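Just below is one structure, and these are the notes that go with it.
Every number for a ligand or one of its atoms is a count from 1 in the order of the listing. Side chains are part of it too, since the values below use all heavy atoms of this structure and drop only hydrogens, waters and symmetry mates. Bear in mind the structure is a predicted one, so any value in this text is a computation, not a measurement. Position 1 is the first residue of the sequence, and the numbers go up from there.
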Amino acid sequence: MTNVQQNLESIKDKVNAASLRGNRNSSDVTIIAVTKEVSVERTEEVVQAGVRHLGENRPEGLKMKLDAINDSIKWHYIGTLQTRKVKSVINDVDFLHSLDRLSLAEEIEKRATSVKDCFVQVNVAEEQSKHGLSLEDAESFMKELEKYSRIRVIGLMTMAPNTEDETVIRTVFRNLKQLQEKISKQQLPHAPCTELSMGMSGDYEIAIEEGATFVRIGTALVGKEREEVK
Ligand SMILES: *Cc1c(COP(=O)(O)O)cnc(C)c1O
């Protein structure tokens, strides 16, 4: 049995402790409940428990949750977004965490009816299996985004490698933070880049110590019931 309320309390305690260790204010950290693996019912539980930010990674899952949940939710699209799916998704979400190519920016420009808050996805560890730009490419990409009036880059997003090695994970987060600070100092009107979307169930405490402002937490909060969703 997954007790969402209990999980949330325990996660909040850990967020507070990690914020202290990182000399941060825990109110600067937003918990996104990643509900991609769970049913509408389980998603409603997490909303009941007080979470107002939900994350999905497939258009179908997003639609299903959007249709069922009326509370004022901020919707986050956290997965790779195929260009042809932009039209059906972009105006339903408040934040896109996976901006990783100009063709996607182009399509957002065409389809979005208002300015969209986006994170540029960075593949800090340059893993084959993951999407996102390298740290080097992310900087020039940022400049190229200037011509898209419907895109506001509010920050950077990454996924750390799936490893037990805390040093590797911490280095990834630290490198992302460095790049975020470098970009935000440039005060680009289209890219304030003040936010850091980093940290999942296994590594959100490290991410917060290293500066995360959005953590994306799935299994540790809502469990997994993949088979019920399909
Ligand atoms: C699934 C997913 C998460 C949540 O992962 P958990 O390990 O279940 O917390 C976070 N970010 C992205 C991009 C994901 O795809």
Side-chain angles (χ1 to χ4, degrees), residues 2-4 6-15 18 29-39 42-43 45-47 49 51-62 64-65 73-82 85 89 93-101 104 117-133 138 154-166 168-170 172-173 176 195-230:
T2 301
N3 186 327
V4 171
Q6 244 167 45
N7 291 348
L8 182 62
E9 291 312 318
S10 133
I11 289 168
K12 279 183 176 169
D13 286 345
K14 289 177 181 161
V15 167
V29 180
T30 299
I31 297 172
I32 302 169
V34 176
T35 51
K36 68 189 187 195
E37 306 269 15
V38 302
S39 61
R42 185 67 57 79
T43 305
E45 273 183 67
V46 79
V47 172
V51 176
R52 285 293 170 272
H53 291 256
L54 300 181
E56 286 283 333
N57 73 341
R58 286 166 47 234
E60 302 75 28
L62 175 69
M64 188 167 63
K65 308 288 169 36
I73 297 296
K74 294 290 184 195
W75 297 94
H76 297 253
Y77 198 89
I78 61 168
T80 305
L81 182 55
Q82 290 174 286
K85 298 283 176 76
V89 162
V93 297
D94 299 286
F95 300 91
L96 174 70
H97 290 245
S98 49
L99 180 54
D100 62 354
R101 57 193 193 280
L104 181 57
D117 284 336
C118 299
F119 292 84
V120 166
Q121 183 167 351
V122 184
N123 186 356
V124 176
E126 301 191 26
E127 293 177 277
Q128 289 281 311
S129 60
K130 294 200 169 94
H131 289 263
L133 297 125
I154 62 163
L156 302 178
M157 178 274 203
T158 200
M159 273 189 272
N162 187 7
T163 169
E164 300 281 292
D165 189 341
E166 205 183 293
V168 171
I169 298 171
R170 195 176 290 282
V172 162
F173 293 152
L176 194 71
E195 310 301 315
L196 281 168
S197 167
M198 57 189 198
M200 325 199 324
S201 290
D203 56 20
Y204 67 89
E205 292 167 89
I206 306 172
I208 291 167
E209 288 169 15
E210 298 301 331
T213 58
F214 287 87
V215 290
R216 311 176 309 267
I217 304 182
T219 21
L221 180 54
V222 292
K224 257 188 192 179
E225 24 163 49
R226 191 198 290 267
E227 61 286 349
E228 288 174 43
V229 179
K230 290 199 172 147

### Query
In a check of side chain to side chain contact (heavy atoms under 4.5 Å, CB included) between H97 and each of V120, N57, D117, I32, which one passes?
I32

### Query
Of D203, L196, V29, which is the lone residue that meets side chain to side chain contact (heavy atoms under 4.5 Å, CB included) with V215?
V29

Could you tell me the residue and atom name of the protein heavy atom closest to [atom], and the distance to it rounded to 0.1 Å?
{"atom": "atom 10 (C) of ligand 1", "result": "M200 SD, 3.3 Å"}
{"atom": "atom 8 (O) of ligand 1", "result": "T219 OG1, 2.6 Å"}
{"atom": "atom 9 (O) of ligand 1", "result": "S201 OG, 2.5 Å"}
{"atom": "atom 11 (N) of ligand 1", "result": "R216 NE, 2.8 Å"}
{"atom": "atom 13 (C) of ligand 1", "result": "I78 O, 3.5 Å"}

### Message
Would the distance check show the side chain of S197 and the main-chain N or O of M157 forming a donor-acceptor pair, the cut-off being under 3.5 Å?
### Response
no

Side-chain heavy-atom pair [X], [Y] within 4.5 angstrom cut-off:
{"X": "L96", "Y": "C118", "result": "yes"}
{"X": "V222", "Y": "T43", "result": "no"}
{"X": "V46", "Y": "N7", "result": "no"}
{"X": "T163", "Y": "I169", "result": "yes"}

### Query
Which part of K36 is near ligand 1, with near meaning a heavy atom under 4.0 Å away: side chain, backbone, both or neither?
side chain

### Message
Once you restrict to heavy atoms under 4.0 Å, what part of E56 touches ligand 1? Side chain, backbone, both or neither.
### Response
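No part of E56 is near ligand 1 at this cut-off.
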
### Task
Answer yes or no: does an N/O atom from M159 fall short of 3.5 Å to an N/O atom of ligand 1?
no

### Query
M157 heavy atoms, cut-off 4.0 Å: which ligand 1 atoms fall inside?
13 (C)

### Query
Taking only heavy atoms of I217, which atoms of ligand 1 are found under 4.0 Å from at least one of them?
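Those atoms are 9 (O).
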
### Task
State whether E37 and R42 are salt-bridged, where the test is any N-O pair (Lys NZ or Arg NE/NH1/NH2 against Asp/Glu carboxylate O) under 4.0 Å.
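Salt bridge absent between E37 and R42.
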
### Query
E37 near ligand 1, heavy-atom distance under 4.0 Å?
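The answer is no: ligand 1 sits nowhere under 4.0 Å from a heavy atom of E37.
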
